[in-house]
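Reviewing the structure listed below.
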Amino acid sequence: MDVIQITRELGKVIQADERYSNYVRARVANDNDSELQDMIQEFNHGRAVLNNEVSKPNRDEAKIEELKTSVGDLYSKIMKNEHMTAYNDAKNEMDELLRQVTTIINMSANGEDPETCDMNYGCTGNCASCGGCH
């Protein structure tokens with residue numbers, strides 16, 4: 001089996017993983033939540049209006065503050081939505097899985113032992129950039 005075929009097999013294994021299934025379910029629930037989608041659309045519109053107002057040469061600071069508050073409140077409401085919360089949690093788990101897979105592949109390609117190279121996950125090898133060992 002060549003590297004590409006093995007990678008395709010890895011893709012199948014990732015899609016069979018519970019984290020992937022949770023992510024897909026959460027994404028579908030998010031997409032099907034019409035109230036949430038309306039809020040997201042309203043947020044995007046509000047953000048565009050805010051950006052437009054900020055870029056004007058004669059800015060109305062009171063209007064800008066009002067728009068910031070409105071957009072911020074809407075963002076908070078979106079992020080508290082149960083479907084958005086579930087989606088973010090599932091996406092974070094999926095992103096972490098993919099970071100681990102990518103780390104193992106990259107470190108292996110740089111000569112590290114594939115069996116142990118993820119043990120120092122996130123370690124750059126430069127202690128100056130380190131936040132401390134776990």
Side-chain angles (χ1 to χ4, degrees):
M1 212 180 279
D2 71 356
V3 172
I4 300 301
Q5 185 58 40
I6 291 170
T7 305
R8 292 183 194 287
E9 293 301 316
L10 174 60
K12 291 175 188 175
V13 171
I14 288 171
Q15 289 179 342
D17 190 280
E18 181 181 4
R19 289 165 285 196
Y20 176 80
S21 300
N22 291 340
Y23 170 69
V24 170
R25 275 193 303 275
R27 187 180 67 212
V28 168
N30 228 12
D31 291 346
N32 290 333
D33 184 335
S34 60
E35 181 181 338
L36 175 60
Q37 293 305 312
D38 289 346
M39 285 190 295
I40 291 170
Q41 186 175 7
E42 184 180 342
F43 170 80
N44 288 333
H45 175 72
R47 192 173 57 178
V49 171
L50 174 60
N51 288 338
N52 185 43
E53 191 63 37
V54 167
S55 66
K56 288 182 179 178
N58 298 322
R59 301 172 3 163
D60 180 346
E61 295 299 329
K63 184 173 183 179
I64 289 172
E65 287 306 312
E66 180 183 318
L67 288 167
K68 281 182 182 178
T69 299
S70 175
V71 168
D73 290 347
L74 191 53
Y75 179 80
S76 293
K77 190 174 179 182
I78 289 168
M79 297 312 289
K80 290 177 183 172
N81 176 285
E82 67 179 313
H83 292 136
M84 182 58 80
T85 301
Y87 170 78
N88 283 333
D89 291 346
K91 184 171 182 340
N92 288 339
E93 287 183 19
M94 191 66 201
D95 288 347
E96 180 61 24
L97 172 64
L98 295 176
R99 273 192 291 278
Q100 288 177 313
V101 168
T102 302
T103 296
I104 293 168
I105 291 170
N106 287 333
M107 292 180 80
S108 296
N110 285 319
E112 298 290 329
D113 179 358
E115 293 295 324
T116 61
C117 65
D118 65 329
M119 296 178 95
N120 292 322
Y121 173 67
C123 181
T124 64
N126 178 355
C127 292
S129 67
C130 187
C133 294
H134 8 56

Out of curiosity, does Val24 fall in the hydrophobic cluster containing Tyr87 (side-chain heavy atoms, cut-off under 4.5 Å, transitive links)?
yes
Go through the steps for Asn81 and Glu35 under the test side-chain contact (heavy atoms from CB on, under 4.5 Å), then give the verdict.
CA-CA 10 Å; Asn81 176 285; Glu35 181 181 338; 5.6 Å; no
Assess the residue pair Asp95 and Lys91 against the criterion (salt bridge (Lys or Arg N to Asp or Glu O under 4.0 Å)); give the C-alpha distance rounded to whole Å, side-chain angles, the decisive distance to 0.1 Å, and a yes or no.
CA-CA 6 Å; Asp95 288 347; Lys91 184 171 182 340; 3.0 Å; yes
Spatial distance of atom CG (Asp73) from atom CD1 (Ile78) [nearest 0.5 Å]:
11.0 Å
Any donor-acceptor N/O pair, Asn110 side chain to Asn106 backbone, under 3.5 Å
yes
So, does Thr85 use its side chain to make a donor-acceptor pair with the main chain of Met79 at under 3.5 Å?
yes
Closest non-hydrogen contact found for Asp33 with His83 is OD2-ND1, 2.7 Å
Is there a path of hydrophobic side-chain contacts, each under 4.5 Å between heavy atoms of I/L/V/M/F/W/Y residues, joining Val49 to Val71?
no
Side-chain (Glu53) to main-chain (Glu61) donor-acceptor, under 3.5 angstrom
no
Are the side chain of Thr69 and the backbone of Glu65 linked by a donor-acceptor contact shorter than 3.5 Å?
yes
CD1 of Ile4: more than 12 outside heavy atoms within 6.0 angstrom?
no
Tightest non-hydrogen contact, residues Tyr20 and Ile14, listed as CB-O, 3.2 Å
Rounded to the nearest 0.5 Å, how far apart are CZ of Arg47 and CG of Leu67?
13.5 Å
Return yes when atom CZ of Arg59 has more than 12 non-hydrogen atoms of other residues, nucleotides or ligands closer than 6.0 Å, and no otherwise.
yes
What do the steps show when you test Leu10 against Ile6 for side-chain contact (heavy atoms from CB on, under 4.5 Å), and what is the final call?
CA-CA 6 Å; Leu10 174 60; Ile6 291 170; 5.6 Å; no
Between Gln37 and Gln41, do the side chains contain an N or O donor and an N or O acceptor separated by less than 3.5 Å?
no
Hphob cluster co-occupancy, Leu36 + Leu74, side-chain heavy atoms under 4.5 angstrom
yes
Got a sec: does the CZ of Phe43 have more than 12 other heavy atoms crowding it under 6.0 Å?
yes
Joint hydrophobic cluster, Leu97 plus Ile104, side-chain heavy atoms closer than 4.5 Å:
no
Using modelled atom types only, decide if a donor and an acceptor are shared between the side chain of Asn92 and the backbone of Asn88 within a distance under 3.5 Å.
yes
Does Gln15 CD have over 12 foreign heavy atoms under 6.0 Å away?
yes
Search all heavy atoms of Cys117 against all heavy atoms of Ser108 and return the closest pair with its distance.
SG-OG, 3.9 Å
Val101 reachable from Met94 in the ILVMFWY side-chain graph, under 4.5 Å edges
yes
Can a side-chain donor-acceptor contact be found between Arg27 and Asn30 if the only test is distance below 3.5 angstrom?
no
